2 protein chains.
Amino acid sequence: MSTINDVALKAGVSVTTVSRVLNNRGYISEATRAKVYKTMEELNYQPNELARSLLRKQSNLIGLIIPSVAHPFFGELTNHIEYYAYQNGFKVLLCSSHMDPAKEKDYIAMLKRNRVDGIIMGSHTLEVEEYRNLNSPIVTFDRQIDNEIPFISSDNYQGGVLATELLISKGCRYIVHICGNLELKMLSNYRNDGFKDTAEKHGVRHITIQTDMNVFDQQQYEQIIQRMLETYPDVDGIFASSDIIAGFAVRECLGKGKRVPQDIRIVGYDDVNMASWFIPGITTIKQPTEAIGRLAVELIQQQLNGESFEPDNILPVELIERSTS
Amino acid sequence: MSTINDVALKAGVSVTTVSRVLNNRGYISEATRAKVYKTMEELNYQPNELARSLLRKQSNLIGLIIPSVAHPFFGELTNHIEYYAYQNGFKVLLCSSHMDPAKEKDYIAMLKRNRVDGIIMGSHTLEVEEYRNLNSPIVTFDRQIDNEIPFISSDNYQGGVLATELLISKGCRYIVHICGNLELKMLSNYRNDGFKDTAEKHGVRHITIQTDMNVFDQQQYEQIIQRMLETYPDVDGIFASSDIIAGFAVRECLGKGKRVPQDIRIVGYDDVNMASWFIPGITTIKQPTEAIGRLAVELIQQQLNGESFEPDNILPVELIERSTS
DNA sequence: TATTATATGTCAAGCCTTTGACATATTGAT
DNA sequence: ATCAATATGTCAAAGGCTTGACATATAATA
């Protein structure tokens with residue numbers, strides 16, 4: 001790889017001059033500018049960002065830690081984050097924790113070693129303390145660390161309310177919420193609060209079933225749903241905390257000879273693309289994935305610029321009715 | 001962020017000594033080693049990888065260019081690539097081209113500026129020439145650039161054969177292959193060859209329908225399939241070039257009142273997780289995504305090490321029978 | 001003509017880390 | 001007492017780039 005020196009030499013100018021055209025500062029004649037660009041072209045020169053970052057103390061790198069990009073929700077979220085990062089001159093370093101605390105810790109250290117300008121945390125297997133004192137701009141998704149660190153989440157409580165109201169309005173009298181582990185202090189737990197409050201308000205029987213915190217575990221989902229269907233055969237409404245779980249619920253119900261939505265109604269969460277591809281299409285609570293992605297990048301940028309920012313970002317959800325309700 | 005200097009100062013040793021414990025070279029007493037580690041801990045020191053990379057002329061970064069991580073197949077592939085990259089001490093810089101040649105070109109330049117150790121190309125919107133002379137280790141997925149640059153693909157021809165044989169053996173007499181644009185010289189075009197050869201061998205009527213090269217275009221898929229179903233109402237077998245397209249095909253067929261698989265049989269490609277979640281489960285040709293991911297990283301590593309490597313990597317496919325055939 | 005804006009050059013420090021060359025001390029073994 | 005292994009230190013260069021300070025020269029303007 002050629003260096004700025006090679007360019008200067010070949011173009012017959014000083015490195016300072018090349019640096020000046022590269023960074024658009026000081027006086028440069030059009031002729032010199034053109035000559036330098038031409039030489040860079042000829043030498044196939046690309047300024048070394050490692051050296052630049054080292055000097056500037058800014059890498060334009062954003063670290064993104066998520067459970068897995070193979071999960072449709074995180075895949076779509078990552079897609080939007082990557083898009084807006086690129087728009088704002090950032091590159092994204094992808095880290096999949098696979099819900100392994102050791103790996104997550106490792107990744108955080110790695111990101112610090114690489115001097116990322118900020119970290120977007122979509123995976124939360126560590127204790128809250130571990131995330132403090134990272135002294136790097138952070139944005140958190142679906143988890144509140146403290147008042148200093150901004151978080152983004154969808155309006156989980158409202159999502160729970162909307163889903164539950166729908167089930168009840170359609171006539172469900174015995175509803176279940178299948179969600180992640182409530183021990184983890186995730187903001188998504190509010191979905192369960194919305195669910196319970198609404199069910200109680202309407203005097204509807206309700207139970208909550210927690211899954212382990214595995215990202216994807218087809219077997220576990222199937223088992224939990226089967227057991228639930230056996231233990232509570234009278235359930236006539238399911239609010240699942242992801243469209244994938246909802247999909248499995250549909251599958252198991254149909255397998256058990258229950259008609260959806262006539263015998264049992266099912267509402268998911270997320271509104272991943274897949275939710276509309278399923279047959280029947282899954283009724284769900286839409287998270288504004290694109291807005292979340294955009295905001296995440298913005299919040300990093302704002303912290304970087306020393307601007308003030310909103311620490312609590314709860315984005316609106318929307319009920320999308322399809323065929324499972 | 002503290003530097004190696006701060007550590008040396010605080011620990012009361014020289015930077016050379018710190019560097020020695022950091023890199024495990026030269027003589028170091030256990031006492032000093034412990035003292036240095038303790039100080040690093042206290043200062044929350046993380047060696048600056050930018051400086052190290054600059055010096056070593058090696059960044060341990062792999063650039064991954066794909067159409068979109070929101071696409072299930074690429075999401076799963078990315079997941080595996082990230083996994084094996086991490087295992088081998090690499091970090092992944094994620095780039096989503098969204099099938100935009102300008103963006104892809106930009107990304108390539110960006111990756112060079114960042115001195116990535118290698119590039120895994122899963123998006124191919126540029127002319128073959130553009131990929132040559134990148135003088136960086138490259139691995140290509142589903143496209144052959146030249147004999148120097150290694151490629152990986154599934155056994156597309158065999159995939160086409162397996163899918164077609166299955167349809168015919170189940171009694172299909174008029175089959176259609178829905179695939180991407182054949183103009184692009186992608187290795188996946190061989191699926192169509194396998195399809196045609198097999199259909200002709202058995203004397204079965206067959207047609208090929210190409211889609212545009214958009215990653216995801218629900219509308220387009222629906223339209224193409226609807227039009228196909230209207231134009232060729234006698235079609236009784238579909239080989240779709242992705243599970244997503246297959247999913248839409250199932251949906252449209254059921255919508256038109258055709259029974260799957262009784263009236264029309266459908267086979268997909270990829271075997272993304274989703275294919276088994278669909279109702280009915282989609283019969284498909286499985287690409288060995290994990291093996292592809294592992295091999296991609298290995299091929300970068302081998303090129304980096306100056307080892308010899310296999311340029312042509314065609315990985316076996318497998319027929320997965322579910323309920324649409 | 002004097003002044004100013006424009007254009008380029010030289011020089012050197014600094015970003016953080018690694019590494020080789022070399023020097024000096026302290027051990028323990030012979 | 002001597003030698004070698006062990007342990008640490010000093011010093012400086014290198015990696016590629018940016019930037020400020022200063023110097024110089026040409027062209028345009030007052």
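Keep in mind that what you see is a predicted model, and the values were worked out from it rather than measured. Letters A, B, ... are given to chains in the order of the sequence lines, protein chains preceding strands, and every chain is numbered from 1.
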Practice task
Check every atom of D:dT18, D:dT8, C:dT18 against the side chain of A:Leu22 and return the nucleotide holding the closest atom.
Solution key: D:dT18
Exercise for the section: Would you mind telling me which residue lines up with the more 5' stretch of DNA chain C, B:Arg20 or B:Tyr45, judged by nearest nucleotide? Expected result: B:Tyr45
Handout entry: Sugar-phosphate, base or nothing in reach of A:Ser29, heavy atoms under 4.0 Å
Key = sugar-phosphate
Exercise for the section: Report yes or no: do B:Ser14 and B:Thr17 form a side-chain donor-acceptor pair below 3.5 Å? Expected result: yes
Problem - Phosphate OP1/OP2 of D:dT18: any A:Ser19 side-chain N/O under 4.0 Å - result: yes
Exercise for the section: Determine the contact category for A:Thr3: base if any of its heavy atoms lies under 4.0 Å from a base atom, sugar-phosphate if only primed atoms, P, OP1 or OP2 are that close, otherwise nothing. Expected result: sugar-phosphate
Handout entry: Whole angstrom value for the distance that separates P of D:dT18 from CD of A:Gln58
Key = 13 Å
Problem - Strand contacts (DNA chain C) in residues 48-57 of chain A, 4.0 angstrom heavy-atom criterion - result: A:Leu54, A:Leu55, A:Lys57
Handout entry: 5' priority, DNA chain D, between B:Ala31 and B:Arg115 [closest heavy atom]
Key = B:Ala31
Fill in the blank from the handout: Of the candidates C:dT18, C:dT8, D:dT19, the side chain of B:Ile4 sits closest to C:dT18
Handout entry: Euclidean distance, B:Gln303 CD relative to B:Ile149 CD1, rounded to 0.5 Å
Key = 8.5 Å
Practice task
Please report, rounded to the nearest Å, how far the P atom of C:dC16 is from the CZ atom of A:Arg113.
Solution key: 17 Å
Fill in the blank from the handout: note: A:Glu30, atom CD; C:dT6, atom P; distance rounded to Å ~ 13 Å
Exercise for the section: Flag the pair B:Ile66 / B:Leu94 as yes when at least one side-chain heavy-atom distance between them is below 4.5 Å, and no otherwise. Expected result: yes
Handout entry: Exercise: do A:Arg294 and A:Asn88 side chains pair donor with acceptor under 3.5 Å
Key = no
Handout entry: Phosphate OP1/OP2 of D:dT6: any B:Tyr27 side-chain N/O under 4.0 Å
Key = yes
Exercise for the section: Indicate yes or no: at least one non-hydrogen side-chain atom of A:Ile145 is less than 4.5 angstrom from one of A:Met121. Expected result: no
Handout entry: A:Asp117 side-chain N/O to A:Asn60 backbone N/O, donor-acceptor pair under 3.5 Å
Key = yes
Exercise for the section: For B:Val13 and for A:Arg25, locate the closest nucleotide of DNA chain D by heavy-atom distance; then report the residue assigned to the nucleotide nearer the 5' terminus. Expected result: B:Val13
Exercise for the section: Report yes or no: does B:Ser96 contribute a side-chain atom to a donor-acceptor pair with the main-chain N or O of A:Asn79 at less than 3.5 Å? Expected result: no
